[in-house]
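Presented below is the structure to which this report refers.
All values derive from a computational prediction rather than experimental measurement. Throughout, protein chains are lettered first and strands after them, A, B, ... in sequence-line order, and every chain is numbered starting at 1.
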2 protein chains.
Amino acid sequence: MTSAEVNTPIRLVIVDDHPVVRDGLRGVFTGDPGFTVLGEAADGTEAIALIEHRGADVVLMDLRMPGMGGVEAIARLRRTAPGVRVLVLTTYDTDADVLAAIEAGATGYLLKDTPREELVRAVRAAHRGDSVLSPSVAGRLMGRVREPVRDVLSHRELEVLRLVADGASNRDAAARLFISEATIKTHLLHIYGKLKVRDRASAVAEGYKRGLLS
Amino acid sequence: MTSAEVNTPIRLVIVDDHPVVRDGLRGVFTGDPGFTVLGEAADGTEAIALIEHRGADVVLMDLRMPGMGGVEAIARLRRTAPGVRVLVLTTYDTDADVLAAIEAGATGYLLKDTPREELVRAVRAAHRGDSVLSPSVAGRLMGRVREPVRDVLSHRELEVLRLVADGASNRDAAARLFISEATIKTHLLHIYGKLKVRDRASAVAEGYKRGLLS
DNA sequence: GCGCCCCTCCACCGATCGGTTGATCAGAGG
DNA sequence: CCTCTGATCAACCGATCGGTGGAGGGGCGC
């Protein structure tokens with residue numbers, strides 16, 4: 001570590017809807033002279049207001065929060081404050097969460113069971129612009145590379161799957177989407193292929209497992 | 001607050017698999033002379049060893065942890081250390097989690113978005129033996145009282161639902177459970193009635209929503 | 001003992017679904 | 001321009017499912 005880093009502490013903002021977690025994070029970084037915690041926010045809206053007003057080097061961002069969620073906040077910060085590195089810190093590692101956050105422009109993605117020291121190293125790395133991933137998240141991304149875009153549901157397919165999960169028959173779904181029943185069947189067959197299942201019930205189950213449904 | 005309470009601080013144990021959360025919780029209570037944090041644990045096994053060895057007045061317990069989960073740990077503590085009050089502190093408020101924890105013998109059930117001061121009050125209340133519930137958890141329990149045991153799936157029904165979620169046809173499920181296809185259909189009809197759905201796909205969805213499947 | 005619930009099983013029916021093959025069209029991108 | 005993908009639709013078939021109306025046995029509590 002160079003003396004320059006010590007002279008210019010990394011300015012942090014903590015975004016999480018759980019007060020206890022914010023306390024814990026602040027405690028991790030306030031004791032270290034290499035960091036300055038500029039402030040905290042409990043949701044995306046607060047976070048944006050705080051960061052656009054006071055700036056930041058690195059933001060520790062939770063994803064699932066009441067009101068504006070983390071993904072939306074990240075996307076917004078990409079446009080209004082592109083120099084700010086966003087490090088996602090969340091409990092969930094589903095495909096939908098991970099991919100959405102990275103596409104939105106997150107610099108890294110860590111799970112909340114990350115040990116303190118690793119968290120500190122990750123924030124330093126993010127400040128340098130390096131990508132930081134929890135092992136399980138990294139594995140998820142590698143799998144995504146090996147298994148290309150083929151098994152990602154299209155927007156329309158996801159709509160159909162949601163309706164099916166809600167109890168719609170093919171006919172119901174067709175009526176609700178103003179298309180023919182045949183098209184619903186086609187979408188469903190594609191869904192089965194992509195999710196590697198054989199019927200609507202297990203498609204719904206797989207949808208929940210992958211975080212496509214909630 | 002009486003002077004007696006100040007003289008005999010409440011002995012706390014913190015159980016959570018996230019280091020950051022443990023930090024936050026410890027920070028909340030170590031500054032207050034009314035509490036002493038005896039120790040921390042990252043899963044149920046560690047928690048039991050710690051508490052059976054060093055004792056405790058109140059345990060702050062997460063539910064979903066690697067290895068032994070919180071529910072099992074609570075049940076175990078009921079038998080080996082019945083004087084210890086267990087206060088569940090978790091992110092999740094699904095029916096399955098809440099009911100399982102309370103049945104196991106938890107004194108209270110709080111969500112992690114609880115503010116610090118409320119958390120402190122809750123621990124004091126739990127120490128006195130009072131029940132403490134987050135508002136949304138309380139609502140869930142009230143609903144349970146109004147809507148009796150009628151819509152709780154039996155063990156067998158849950159088995160069938162799991163198989164269906166895994167893609168089993170009625171015939172498959174029958175073969176795997178060594179019973180007739182007719183019985184599977186009967187179970188499914190009961191499941192539909194209890195979950196208030198009309199087909200297997202939405203039954204699976206409802207199963208996930210209620211935390212019956214994972 | 002009686003009621004209640006759970007689990008088990010049967011037969012029958014219409015409705016729905018899964019699978020196949022094949023087709024048209026619009027938009028994105030090389 | 002041509003290809004690829006997504007979205008749309010059609011006709012047909014066998015398989016499966018949802019619904020109904022039963023029925024019997026075992027366990028538990030009052």
Mind calculating the distance between [atom1] ([X]) and [atom2] ([N]) to the nearest angstrom?
{"X": "A/Leu189", "N": "D/dG6", "atom1": "CG", "atom2": "P", "result": "15 Å"}
{"X": "A/Tyr192", "N": "C/dT20", "atom1": "OH", "atom2": "P", "result": "13 Å"}
{"X": "A/His155", "N": "D/dA7", "atom1": "NE2", "atom2": "P", "result": "8 Å"}
{"X": "B/Asp199", "N": "D/dG19", "atom1": "CG", "atom2": "C1'", "result": "13 Å"}
{"X": "A/Leu188", "N": "C/dG19", "atom1": "CG", "atom2": "P", "result": "10 Å"}
{"X": "B/Leu153", "N": "C/dC7", "atom1": "CG", "atom2": "C1'", "result": "15 Å"}
{"X": "B/Ile184", "N": "C/dC7", "atom1": "CD1", "atom2": "P", "result": "11 Å"}
{"X": "B/Ile191", "N": "C/dC6", "atom1": "CD1", "atom2": "P", "result": "12 Å"}

Taking the basic N atoms (NZ, or NE/NH1/NH2) and the acidic carboxylate oxygens, is any pair closer than 4.0 Å for B/Asp97 and B/Arg64?
yes

Determine whether a donor-acceptor pair (N or O, by modelled atom type, separation under 3.5 Å) exists between the side chain of [X] and the backbone of [Y].
{"X": "A/Arg78", "Y": "A/Val84", "result": "yes"}
{"X": "A/Thr183", "Y": "A/Ile179", "result": "no"}
{"X": "A/Ser180", "Y": "A/Ala182", "result": "yes"}

Using the rule side chain to side chain contact (heavy atoms under 4.5 Å, CB included), only one of A/Val88, A/Asp93, A/Thr94 pairs with A/Thr90; which is it?
A/Val88

Tell me which one of A/Val197, A/Leu161, A/Leu158, A/Val204 satisfies side chain to side chain contact (heavy atoms under 4.5 Å, CB included) with A/Ile191.
A/Leu161

Establish, for the pair B/Arg11 and B/Phe35, whether the NZ or CZ atom is under 6.0 angstrom from the six-membered ring centre and no further than 45 degrees off its axis.
no

For DNA chain D, what residues of residues 157-175 of chain A have any heavy atom nearer than 4.0 Å?
none

Could you check if a side-chain atom of B/Met61 sits within less than 4.5 angstrom of a side-chain atom of B/Ile74, using non-hydrogen atoms only?
yes

Closest to the B/Lys194 side chain: C/dC6, D/dG18, D/dA7?
C/dC6

Measure from the side chain of A/Arg156, starting at C-beta and using heavy atoms only, and say which of D/dA7, C/dG19, C/dC6 lies closest.
D/dA7

Atom pairs, N/O to N/O, protein against nucleotides 9-14 of chain D, distance under 3.5 Å?
unit_1 : atom_1 : unit_2   : atom_2 : d
D/dC9  : OP2    : A/Ser180 : N      : 2.4
D/dC9  : OP2    : A/Thr183 : OG1    : 3.0
D/dC9  : N4     : A/Thr186 : OG1    : 3.0

Less than 4.0 angstrom between a side-chain N/O of B/Arg198 and OP1 or OP2 of D/dG19, yes or no?
no

Classify the angle between the aromatic ring planes of B/Tyr208 and A/Tyr208 as parallel (below 30°), tilted (30 to 60°) or perpendicular (above 60°).
parallel

